[in-house]
Amino acid sequence: MAMSDKEVLEGLAEIVAEETGLDATEVAGPKSFTDDLDIDSLSMMTIVTLAEEKFNVRIPDEDVKDLVTVADAVAYITKAQS
Amino acid sequence: MTTLQTTKGPEFARLMGLGIARGENVVTNDDVAGPIDSSDEWIQQRTGIVTRMRAKPETSVLDLAERASRDAIAAAGIEGSEVDTVILSTITHPYMTPGGSPELGARLGCPTAAAFDISAACAGYCYGIAQADALVRAGQSRYVLVIGAEKMSDFVDPTDRSISFLLGDGAGAVVVGPSDTAAIGPTVWGSKDGAKFVGMTASWLDIRDNRDTPFPTLFQEGQTVFKWAAFELPDAATKAVEVAGLKPEDIQAFIPHQANMRIIDQMAKRIGLPESVAIGRDIADSGNTSAASIPLATERLYRDGQVKSGDLALQIGFGAGLVYAAQVVVLP
């Protein structure tokens, strides 16, 4: 069953917090993964893979570069689930 | 009726002795950072590499292989002349043909041994162990010398940000021979069409047809390879433990190919290895040495007192192909 944006954001924030050590509350929609959250390319691949498993979606490697902000990722996952 | 006769060997094979050689020169991150507009901090954070060992210009990949092989043969307690099969895994022997193994055999005192090179990139050492185990147990060979040897520094582009700065030179060799007890578990191996993810920047034909083609060097799609290695391959490693009739807590050491410290960390986490398991982390000092990296990391674990003869080690090689192979071995 598809999850709401809020549920996806909360789940994604948990993954990001686990990978980076950041507080989950810092993982907000407008934040850029690279510029604001200081997430490098390998951490991003880890987050994407864990998100695929958690939300049961497929995020092809070539689409990862389009996930600039947390909101981008939430929208992608939500759409992929629907 | 005429019946074909075949060979039948001992029930088991084992690793008998290990030898290694590293490139002679220490190359720091500062030494390689300039042409890729990077820094020691950036390289350490993304790869875990502090230094890589690279060979002198006059040292060939076969020189490295010979050094490692002599020590392996001595450690196994046999003579070079007793080696009847030489399997050299390398992607940096700079001739398409002949392979380097016949010359290596001649240098080592086994000039008539069966000798062939295999091209399985960073998985080559584990592929070699799988073949040696099968040859010994089939009665086709008695003592097989398996060598992973690379002079990666001959095929780097200092301005390449994808893989060149990771690479080091070295060789690792092991003698595989008959055993009274099971000492090499079944190999879990496979491949996937991934030539576009790790490979060479040009082919011989590209150079033939366009002499302006730059000298071929290695490249990789780092993120894709990371995802494959860190998240798909732990299943193969776990299966190698299962088919050996073991559980993760039975293993004393995890010795993966030394591609990137973050791959090593993620693999160990996904496999669910207990804290007590020693993990090969030689990449920090030696860099990524392709087929040589697992035996080099094994030697480092011995030297640091983290493993001893008789310990069970889970090893997994993976790389260009894409190819991978994992097996549990009793350390010599």
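Sequence lines set the chain letters: A, B, ... in the order given, protein chains first and strands last, and positions in each chain run from 1.
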How would you list, in number order, the residues of residues 59-80 of chain A that have a heavy atom less than 4.5 Å from chain B? A:I59, A:D61
Is it the case that over 12 heavy atoms from other parts of the model lie below 6.0 angstrom from the NZ atom of B:K247? no
Under 4.5 Å to a heavy atom of chain A? For B:Q266 that would be side chain
What is the distance from atom CE of A:M45 to atom CD of B:Q223, rounded to the nearest 0.5 Å? 5.5 Å
Other residues, nucleotides, ligands: >12 heavy atoms within 6.0 Å of A:E18 CD: no
As a quick check of understanding, evaluate salt bridge (Lys or Arg N to Asp or Glu O under 4.0 Å) for A:E19 and B:K269, giving each step before the final call. CA-CA 12 Å; A:E19 170 64 14; B:K269 192 172 168 186; 5.2 Å; no
The reported gap from CG in A:D40 to CZ in B:R46 (rounded to nearest 0.5 angstrom) is 4.5 Å
Just how far is it from atom CZ of B:F231 to atom CG of A:L50, taken to the nearest 0.5 Å? 5.0 Å
Chain A heavy atoms under 4.5 Å from B:R262: which part of the residue, side chain, backbone, both or neither? side chain
More than 12 heavy atoms of other residues, nucleotides or ligands under 6.0 Å from CG of A:N56: is that the case? no
Would a 4.5 Å heavy-atom cut-off, applied to side chains only, mark B:I263 and A:L42 as touching? no
